[in-house]
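Shown next, in structure tokens, is the structure this report addresses.
Naming convention: chains lettered A, B, ... in sequence-line order (proteins, then strands); numbering from 1 in each chain.
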Amino acid sequence: MSSQETPSQVSNFIAQIIDEDIKSGKTSQLVTRFPPEPNGYLHIGHAKSICVNFGLAEQFGGVCNLRFDDTNPSKEEQEFVDAIKADVRWLGFEWNDEVRYASDYFDQFYDWAQHLIREGKAYVCDLSPEQTSDYRGDYNTLGKPSPYRGRSVEENLDLLERMKNGEFEDGAKVLRAKIDMTSPNMILRDPVMYRILRQSHHQTGDKWNIYPTYDFAHGQEDAIEGVTHSICTMEFADHKPLYEWFLDNLPVPAKPAQYEFGRLNLSYTLTSKRKLKQLVDDNVVSGWDDPRMPTISGLRRRGFSAHAIRSFCNALPVAKAGGVVDVAQFESAVRDDLDKSAPRAMCVLDPVKLIVTNFGGLNQVNINTADVNEFIRVDPKTKKKVLYRIATEKAKAIIKYREEHGLFESIDDLVNVSGIAETLVEKNRDVLVLNDPKEILSAPAHPKIDLGERQLPFTAELYIDRADFSEDSTLSRKKFKRLVLGEYVRLRGAYVIKADDVIKDDAGEIVEIKASLVPGTVGENPPEGMKPRGVIHWVSATEGRQATVRVYDRLFNHPAPESKDENGESDFMQHLNHESFRQLDNCWVEPGLASAAPESGFQFEREGYFVADRYDHCSDKPVFNMTSGLRDTWANK
RNA sequence: UGGGGUGUAGCCAAGCGGUAAGGCAGCGGGUUUUGAUCCCGUCACGCGCAGGUUCGAAUCCUGCCACCCCAGCCA
């Protein structure tokens, strides 16, 4: 990992604390942990936490555990634990030893619960959830002690045992810590330690009928694992006194310390697992890994590299204030990374045909005899009858066009000037054989980095993007740096061409552009007076490959999709961008792209960054997802 | 309303009593066979507000204001 990706300095307040703890000898080896609950997929917010925890461990020569905080089986699934492990690995992190589970420690927690009962610091409470809430009071009202608060140690022990054995209904009883019903910190008003949940667990099966709460588990998990610095987000700040209360009242092997930092929020992005799950369940998106999802697997499928995600997270300071980072900053990190690593290629998203009428890139004859048509023409010069054999409809059309425009003066001319034909002699007759000639041009895969060369077949029949052509010659050169009727433009990596004519259908739609190339302009500037307006991309219509391109936009058209409306309701579904996905099925890519490996990323020049779809791309049917557009300072002007 | 947290440019922020880093976005210019990249320049007489301490305050003190989190048997 490069130094750019990992914060190297004592760059934030947590790193400062760790640095001091190490210098003072309080901490000998740093141990951190990333503790997700397996109740959904990891998203960009988790990526920040992963980078902080693993990053700090790496920075200070410590280790970071991956631990599933699986204390609530009603929300958890094995699918999520598998996905989380895969995502952490994909991000490029290696956890310490084996994966751990809170459920590994359930027996120990139970012993500790009994310990607290014996100490008179915990009791079984029969209040219903509603009653519990009433008794707890509110911000302005002190709580009242539960009528069950005074139960004897023996009774509590017995009741807890019977809760464990499944003798009571879900919700009938809980085990509570006896702390302070009048604390100004609501968290300390006799918090629940165990609840009855007669449900099987993805790790422990049917062994347990009671499960510990987060509060009764987290600090002890950290202590058991020897975690030295337990880093979490700000919303747990109120829990810190409770975290410490359990550690102080239990015979734990170590005393970890909790530190909090501000959660990462991104504009135009949802980072609530519950709401993301709703998008999946309501089929708003195709799944947790839909390319519009802010999940790690969604970003991956979208083409965001692990490296880009890491540098984005590491560039964000670890601070207490929790602001909203502009998605533009994330996109910028992604472009920055992809610009430096992605091979360049050409793809025409909205094709219009362009015929280069004077293309002379003749090479070998390559005819499928089934395509050959024969017909007789009179040589205009010698008045001799000649048998033409025309290979394809396209070639035939070119001949016809040139005849109509008086571009042929003789057979020789047809052969030499058009360059798209070859003369053969057969049984004393001149036989003209046309094929689709091509010239193989070579272009670097990257303008600055040596990523090798790619082969670009240039042919008489090309596709260019509809938006790259205009008939309006009054457009200024500054405003329209593309192809204009009667003017010159450079085909990227190939010739300078001039648009001579357009052919339209009955509806007035342009179906074909006739153009002529300026010979000798591959890698060379054209003669004086033929200055191209700009550079456009192209793909050979005969050698290129048809492809599907999926274009994505942000899922929400509101900068804060979770924000509340005037009624105090948060209806993020209202802010859905219904044009967040478009599938283009008639795109054309340069031939080499068909064999791209799934998940390989490219910059389609002048368009943006794209990735071969992880699941759907294959060489028979290329499928690319748009990762991001190129920075466009012109569109705004 | 009780408790906890946070306020520095459009956004994220550094700053730890010595005279406002950096990134994103923007703006102006240069290079360019990608309207990209790259390069140069520009962008807070000001640090939520009001007082106070000090030779000196974004940093310390007092008061006020705004926003976020907490009243799950979720994490």
d(CG, A:L242; P, B:A71) in whole Å: 13 Å
Heavy-atom donor-acceptor pair, A:Q603 side-chain to B:U34 base, under 3.5 Å: yes
Modelled atom types, side-chain donor and acceptor of A:S74 and A:N72, under 3.5 Å: yes
hbond_proxy A:K320 side chain to B:U6 base (donor-acceptor, 3.5 Å cutoff): no
Rounded distance in Å between the P positions of B:C12 and B:G28: 25 Å
Distance in Å, A:W208 CH2 paired with A:S103 OG, rounded so as to fall on 0.5 Å steps: 10.5 Å
Proximity to the side chain of A:F480 - top-ranked nucleotide from B:G35, B:C70, B:C16: B:G35
Rounded C1' spacing from B:C16 to B:A21 in Å: 15 Å
Same-atom distance (P) from B:A75 to B:U19, integer angstrom: 50 Å
Of A:G534 and A:A237, the one whose closest RNA chain B nucleotide lies more 5': A:A237
Residue A:D339, side-chain atoms from C-beta onward, closest of B:U37, B:G2, B:C24: B:U37
Candidates B:A71, B:U34, B:U37 - which lies nearest the side chain of A:L630: B:U34
A:N39 side chain to A:K273 side chain, donor-acceptor N/O pair below 3.5 angstrom: yes
Atom pair distance, as rounded to whole Å: CE in A:M234 and P in B:G5: 7 Å
Polar atom pairs between nucleotides 73-75 of chain B and protein, under 3.5 Å, N or O only, would you list them?
residue, atom, partner, partner atom, Å
B:C73, OP1, A:R136, NH2, 3.0
B:C73, OP2, A:R136, NH2, 3.0
B:C73, N3, A:G171, O, 3.2
B:C73, N4, A:L127, O, 2.7
B:C73, N4, A:P129, N, 3.4
B:C73, N4, A:G171, O, 3.0
B:C74, OP2, A:R195, NE, 3.1
B:C74, OP2, A:R195, NH2, 2.9
B:C74, O3', A:R195, NH2, 3.1
B:C74, O2', A:N72, ND2, 3.2
B:A75, OP1, A:T71, OG1, 2.7
B:A75, OP1, A:R195, NH1, 3.2
B:A75, OP1, A:R195, NH2, 2.8
B:A75, OP2, A:Y214, N, 2.8
B:A75, O3', A:D69, OD2, 3.1
B:A75, N6, A:H239, NE2, 3.0

Gap between atoms CG and P, on A:L264 and B:C69 respectively (whole Å): 16 Å
Flag if over 12 foreign heavy atoms under 6.0 Å of CZ, A:R151: yes
Criterion side chain to side chain donor-acceptor pair (under 3.5 Å) against A:S230, the qualifying member of A:N53, A:T32, A:D222: A:D222
Near-ring test A:F304/A:F330, centroid separation under 6.0 angstrom: yes
Spacing between A:R335 atom CZ and B:U34 atom C1', to the nearest angstrom: 14 Å
Separation of atom CD in A:Q329 from atom C1' in B:G10, rounded to whole Å: 13 Å
Spacing of A:Y139 atom OH relative to B:C70 atom P, expressed in whole Å: 7 Å
Nucleotide of B:A25, B:U34, B:G2 approaching A:P184 most closely (side-chain heavy atoms): B:G2
Pairwise P distance for B:G41 and B:G46, with rounding to whole Å: 25 Å
Any donor-acceptor N or O pair under 3.5 Å, side chains A:Y268, A:N557: no
Contact under 4.0 Å: A:T633 side-chain N or O vs B:A36 OP1/OP2: yes
Distance between C1' atoms of B:G10 and B:G4 (Å, rounded): 30 Å
d(CG, A:D180; C1', B:G3) in whole Å: 12 Å
C1' gap between B:C11 and B:G26, integer Å: 12 Å
Closest to side chain of A:D336, choosing from B:U6, B:C24, B:C38: B:C38
Interatomic distance, A:R189 CZ vs B:G72 P [rounded to whole Å]: 11 Å
Whole-angstrom distance between B:G5 and B:C74, as gauged at atom P: 27 Å
Validation row: A:R189, A:I179 side chains within 4.5 angstrom (heavy atoms): no
Donor-acceptor pair under 3.5 Å, A:D238 side chain vs B:G3 base: yes
Which nucleotide in B:A14, B:A71, B:U34 has an atom nearest any side-chain atom of A:D138: B:A71
Distance-only donor-acceptor test, A:R482 side-chain atoms vs B:G35 base atoms, 3.5 Å: yes
Mutual orientation of the aromatic rings belonging to A:Y243 and A:H218 [parallel < 30°, tilted 30-60°, perpendicular > 60°]: tilted
Whole-Å C1' distance, B:U59 and B:G48: 15 Å
